[in-house]
Amino acid sequence: MMSEQELQALRLRIDNLDEKILELISDRARCAEDVARVKMKALPEGEKPVFYRPEREAQVLKRIMERNKGPLDNEEMARLFREIMSSCLALENPLKVAYLGPEGTFSQAAAMKHFGHAVISVPMAAIDEVFREVAAGAVNFGVVPVENSTEGAINHTLDSFLEHDMVICGEVELRIHHHLLVGETTKTDKITRIYSHAQSLAQCRKWLDAHYPNVERVAVSSNADAAKRVKSEWNSAAIAGDMAANLYGLTKLAEKIEDRPDNSTRFLIIGSQEVPPTGDDKTSVIVSMRNKPGALHELLVPFHNNGIDLTRIETRPSRSGKWTYVFFIDFVGHHRDPLIKDVLEKINQEAVALKVLGSYPKAVL
Ligand SMILES: C=C(O[C@@H]1C=C(C(=O)O)C=C[C@H]1O)C(=O)O
């Protein structure tokens, strides 16, 4: 049959292409090994080499996206290169990354999206533990959620920045799809309890009001924890994402139940290493101002006067006095850019305290 021959010919072509791709990937991996040797050689006595270079990785991914002509779309192509780089870096030095666990959480999905799958990922029981693990040097990086497009700031993360000296080295955005999950033994018409993380319950509030108005909603420490509980309870369901559903072998009673279709969470990569500019960066700072009228205005004027794009401002209690506040501000630019340096100096003159949490490449994926 003609089509059988056609199929065979195409498969032969694919086999040949795969061989070429294999050779090229191996060449690339050898290059990365050489890079590691060069990094070691250039090192002053006693200093530890820095193998992971987020600014370089962001440039590699951007370049791929700029050059991609399809038929795979940019994001898909970048995702493939993300994994190739991840494996190349693991040859130099496998990274250890802590995240808000247990296994199957969106934080783990964010860690994989940012670093690829060739890292050693370490689940932690709480956001603060992720910070502590990074501060202790037990892992290279941590991944923590910082804001959700439906529910706003993740206060635990903001407050942890007040307690730990951390450098923000990157950001990653993840589309969050929630599903209503049940186990093999669940009697789906007799559900009396729905478990999930408080954030996820809030992100599905309207859907729950419409479909399960009289069912108890129980907030637990994570979506993955919710999924785990449901396995052994015939009268409960969980709200969680795909990773947790697969990990705990649950089935979807309803898919994509988040109230807003664009529901996304932004995560930060925390570490101890400063990231050089890429030309397309963001900076996060914490500022505390004197408690007087017009303080917030004074803080914002230098940004406005210099045309700097503020992407986010969040207020938290300062924890050093009643009714005193700190501002978490994100803006476009790198703290080493002369213009940004100038603005930060001006703010510093008026502020009680100013701390640069880090400058990092804007999320590419
Ligand atoms: C190869 C390097 O080391 C690592 C691996 C990279 C890659 O595979 O392209 C890029 C940056 C680093 O995280 C490098 O610094 O260029």
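Both ligands and their constituent atoms are indexed starting at 1 by order of listing.
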inquiry  = Would you say Ser222 and Asp225 are linked by a side-chain donor-acceptor pair, where the criterion is simply a distance under 3.5 Å?
reply    = no
query = Taking everything shown except His177 itself, do over 12 heavy atoms lie less than 6.0 Å from its NE2?
reply = yes
task = For the pair Val182 and Ile191, evaluate side chain to side chain contact (heavy atoms under 4.5 Å, CB included) and give the outcome as yes or no after the intermediate values.
result = CA-CA 9 Å; Val182 290; Ile191 291 170; 4.1 Å; yes
ask   = Tell me, which pairs form a side-chain hydrogen bond (donor to acceptor under 3.5 Å, both in side chains) where one or both residues lie in residues 113-132, sequence neighbours left out?
value = Tyr52-His114, Glu83-His117, Asp128-Arg132, Asp128-His164
ask   = Is a donor on one side and an acceptor on the other found under 3.5 Å between the side chain of Thr278 and the backbone of Asp280?
value = yes
query = Can you list, by chain and residue number, every protein residue with a non-hydrogen atom closer than 4.0 Å to ligand 1?
reply = Arg28, Val35, Lys39, Phe51, Tyr52, Arg53, Arg56, Glu57, Met85, Cys88, Leu89, Glu92
message = Could you check whether Lys282 pairs with Asp309 (Lys NZ or Arg NE/NH1/NH2 to Asp/Glu carboxylate O, under 4.0 Å)?
response = no
